[in-house]
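Input: a single structure, listed below in structure tokens.
When reading the values below, keep in mind they use all heavy atoms of this one structure, side chains included, and skip hydrogens, waters and symmetry mates.
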Amino acid sequence: MHVRGSARSSLLLSLFPVPKSHLTGFVCCFIPSRDIIRTLSGKFIHLWSRRGTETMEQPETVPEAASVGDTAETEDANTGKRKHEEADPPETGGRGKRRRGAGGKKLRPGERYIPPPQKRNPGISFSQEHFKETSYYFEGGLRKVFPYYFDFKTYCKGRWIGKSLLEVFKSEFRAESIEYYERAAKEGRIRLNETPVEDLSVVLRNNDHMRNTVHRHEPPVIGTPLEILVDDGEVLVVDKPASIPVHPCGRFRHNTVIFILGKEHGVSELHTVHRLDRLTSGVLLFARTLEKSKKLDQMVRDRQLEKEYVCRVEGEFPEGELICEEPILVVSFKIGLCRVDPKGKECRTVFQRLSFNGKTSVVRCLPLTGRTHQIRVHLQYLGFPILNDPIYGSHAWGPHRGKGGLVGKSDEELLQALVEEHRSQEDLHLLDLMGDCVGVQREAEKVEKTDLTQAENSSEKEISSKASLEESQSLETADIVGNQSKAADSTQKTPPGTRDHLCSECKLVRPDPTKEELVMYLHALRYKGPDFEYSTQLPDWAKEDWQDTGFS
């Protein structure tokens, strides 16, 4: 390596800084040999590389978060001061003391250190640590979950930057009162960058990481056992009972197919091939390996996967084969609400009546495309909604309940009408099951509320195998609407030892949901591919001689 005199001088000065008064004649009189230059150059590169490494280092220690119920008033044993009140250590030396993990940046007096955001590992799966958070118990034919403590997490949203925690709680987290958040902060349940927050006036900055510990209650689901139909090492097929979500979402976590399989069958790291609505029952496929998941995904894209459903609809469905090809438009991506609209995506569903009992019909459904709520929307359009469909059979759609695509309301008016109808019936369990894991109430009011959830949610396609603890939670409608029916009576049937003095849910009195509220008469009967076929038995309500006593 050939180095010119000026370059040599710069290199030497960067490695061996000396006072300016000693520099006279230094460059001219000291011309090192090529071997010395080679040695010093290597040393320079090593030091520069090390400096870059230190700049990217994460903090070696993270302040340990206070456990639930502990106060955040941790005091130093010697000074008696709270740790977060201690002054920054004095700077020493001409360059000042650099804080590890801060990229070499000096913190101004009173400035908070904000660690850089951590890169999420997309391969994390739910583990035994997650499964052991709580346990099940069965009561009245329902699967229930003991209330448990859970940490909601999120990075600071862009719209929160420059606002105080108090302002954010007031504007977006209105499911609880400000008094609740103030009490929760005093008990160490609200943390910022893993440090307990006592004063909600703290101003949020970019990359702030928030954690909120809550006492979590999950809605009950049908107590029917989850039956595994096939498990050959590549594919896992189950017969999903109605009312159980496939993966964690909204208020559901342990009462989901993914967690039940992990907790009761020791099965984890599954890849979802398709999904079923919570109220829908039947064949549900999972891939055991990534390779098999890709193959099945390709079959779905190439429409090589034949799906057969069965449902019971209102009225006398026409005999013979009936094809509906009306395009479907998503009214709200937030809750997955859809309707027939010329601007929608192409759809095709083949229907065939199987039986009629004088009031209702059993219909065979072959969806040739895979749009959200396709069968339910097409049946509504044809004027034969599924008998107990809480959304597409609702009178909120107007006098004709959406038949022929006639609604007569704007999308916002429709959403609000759906909420009002279920609220007037005090049917909080149906509200809890309406949307696909997001609240209708917030959409109807056009309020963009957010719970303390992970900002980078995994897609539905990979959430069962790739979502970590923080990546799949959001606030459910019943969390908001339910606050309107809180009772002073504290005799809620919460099992002893699982109550929390700050939890508003522990003070609620809610009757158990009925079977009619948890079961929709739509069942995935069969899934068939080029070299496989998986099927289940017909449910009782799909049998020809079945008589409905719960609906007129």
Side-chain angles (χ1 to χ4, degrees), residues 126 131 136 138 141-145 218-232 235-268 270-288 293 296 300 305-312 336 365 367 370 372-376 386 388-390 432-433 435-437 460-461 463-465 467 472 513 515-529 532-542:
F126 296 112
F131 299 147
Y136 302 115
F138 295 84
L142 300 174
R143 179 191 292 270
K144 299 183 177 182
V145 174
E218 294 194 23
V221 297
I222 291 291
T224 304
L226 188 66
E227 180 184 358
I228 295 180
L229 302 176
V230 176
D231 187 4
D232 59 8
V235 174
L236 178 73
V237 185
V238 301
D239 186 0
K240 183 185 94 66
S243 79
I244 305 179
V246 176
H247 49 65
C249 56
R251 298 180 66 206
F252 296 89
R253 181 171 170 79
H254 291 266
N255 265 346
T256 61
V257 174
I258 292 296
F259 266 63
I260 293 173
L261 286 173
K263 292 162 70 76
E264 296 186 348
H265 300 277
V267 178
S268 60
L270 298 173
H271 303 262
T272 52
V273 177
H274 67 106
R275 61 180 299 274
L276 298 176
D277 294 333
R278 280 176 286 179
L279 296 179
T280 304
S281 58
V283 176
L284 181 63
L285 276 67
F286 295 98
R288 282 283 210 165
S293 175
L296 292 173
V300 172
L305 194 60
E306 181 181 331
K307 300 169 286 185
E308 179 181 350
Y309 288 72
V310 64
C311 65
R312 183 172 286 275
C365 314
T372 301
H373 296 173
Q374 177 175 324
I375 294 174
R376 299 163 67 182
I386 293 175
N388 56 351
D389 191 327
D432 196 48
L433 294 169
D436 286 336
C437 312
E460 288 179 349
K461 198 66 183 175
I463 199 166
S464 63
S465 61
S472 60
K515 183 177 180 181
E516 287 74 18
E517 293 172 338
L518 296 180
V519 176
M520 183 170 64
Y521 298 150
L522 177 61
H523 181 81
L525 185 65
R526 182 172 62 94
Y527 270 65
K528 181 179 179 181
F532 63 83
E533 180 175 345
Y534 309 118
S535 61
T536 65
Q537 298 294 321
L538 277 174
D540 290 339
W541 52 259

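- Contact record, Pro513 with Leu518: CG-CD1, 3.7 Å, taken as the closest heavy-atom pair.
- Checked by atom type and distance alone, the side chain of Lys263 pairs as donor or acceptor with a backbone atom of Phe131 at under 3.5 Å.
- A tilted orientation is assigned to the rings of Tyr136 and Phe138, their planes being inclined by 30° to 60°.
- Once rounded to the nearest 0.5 Å, the distance linking CD of Glu517 with CD1 of Ile222 reads 10.5 Å.
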Dump the intermediate steps for side chain to side chain contact (heavy atoms under 4.5 Å, CB included) on Phe532 and Leu296, then the final yes or no.
CA-CA 11 Å; Phe532 63 83; Leu296 292 173; 4.1 Å; yes

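- The shortest non-hydrogen separation linking Asp277 to Arg376 is OD2-NH1, 3.0 Å.
- Atoms OG and CG, from Ser535 and Leu525 in turn, are 6.5 Å apart once rounded to the nearest 0.5 Å.
- Note on Lys528 versus Glu306: no salt bridge recorded, every NZ/NE/NH1/NH2 to OD/OE distance being 4.0 Å or above.
- Between the CE atom in Met520 and the SG atom in Cys311 there is a gap of 9.5 Å [rounded to 0.5 Å].
- In this structure a side-chain-to-backbone donor-acceptor pair under 3.5 Å is present from His274 to Leu285.
- Contact between Val310 and Ala542 at its shortest, heavy atoms only, is CG2-CB, 4.2 Å.
- The side chain to side chain donor-acceptor pair (under 3.5 Å) test applied to Asp232 returns no partner, not counting sequence neighbours.
- We find the CG-NZ distance between Leu142 and Lys515 to be 11.0 Å, quoted to the nearest 0.5 Å.
- Applying the side chain to side chain contact (heavy atoms under 4.5 Å, CB included) rule to Lys307 yields the partners Tyr309, Pro367, Tyr527; only residues at least two apart in sequence or on another chain are considered.
- In this structure, the side chain of Lys240 engages the main chain of Arg278 through a donor-acceptor pair within 3.5 Å.
- Atoms CD1 and CD1, from Ile375 and Ile386 in turn, are 7.0 Å apart once rounded to the nearest 0.5 Å.
- Looking at Arg275, its side chain never comes within 3.5 Å of a backbone N or O of Val246 through a donor-acceptor pair.
- Atom CG in Asp389 sits 8.5 Å away from atom NE2 in His373 (nearest 0.5 Å).
- Residues Val235 and Tyr534 meet the side-chain proximity criterion, which asks for heavy atoms closer than 4.5 Å.
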Please lay out, stage by stage, how Leu226 and Glu264 fare under the test side chain to side chain contact (heavy atoms under 4.5 Å, CB included).
CA-CA 9 Å; Leu226 188 66; Glu264 296 186 348; 5.7 Å; no

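- Side chain of Asn388 to backbone of Tyr521: a donor-acceptor contact under 3.5 angstrom is found.
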Check step by step if side chain to side chain contact (heavy atoms under 4.5 Å, CB included) holds for Leu261 and Ile228.
CA-CA 9 Å; Leu261 286 173; Ile228 295 180; 4.2 Å; yes

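- In terms of modelled atom types and a separation under 3.5 Å, the side chain of Glu218 and the main chain of Arg253 share a donor-acceptor contact.
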Worked check of side chain to side chain contact (heavy atoms under 4.5 Å, CB included) between Val257 and Phe286
CA-CA 11 Å; Val257 174; Phe286 295 98; 3.9 Å; yes

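- Side-chain atoms of Pro219 and Phe252, non-hydrogen and from C-beta on, do get closer than 4.5 Å to each other.
- Every side chain to side chain donor-acceptor pair (under 3.5 Å) that Thr536 has, sequence neighbours left out, goes to His523.
- Residue Glu533 qualifies as enclosed at atom CD: its count of foreign heavy atoms under 6.0 Å is above 12.
- When Ile260, Asn255, Leu284 are each tested for a side-chain contact (heavy atoms from CB on, under 4.5 Å) with Ile244, only one passes: Ile260.
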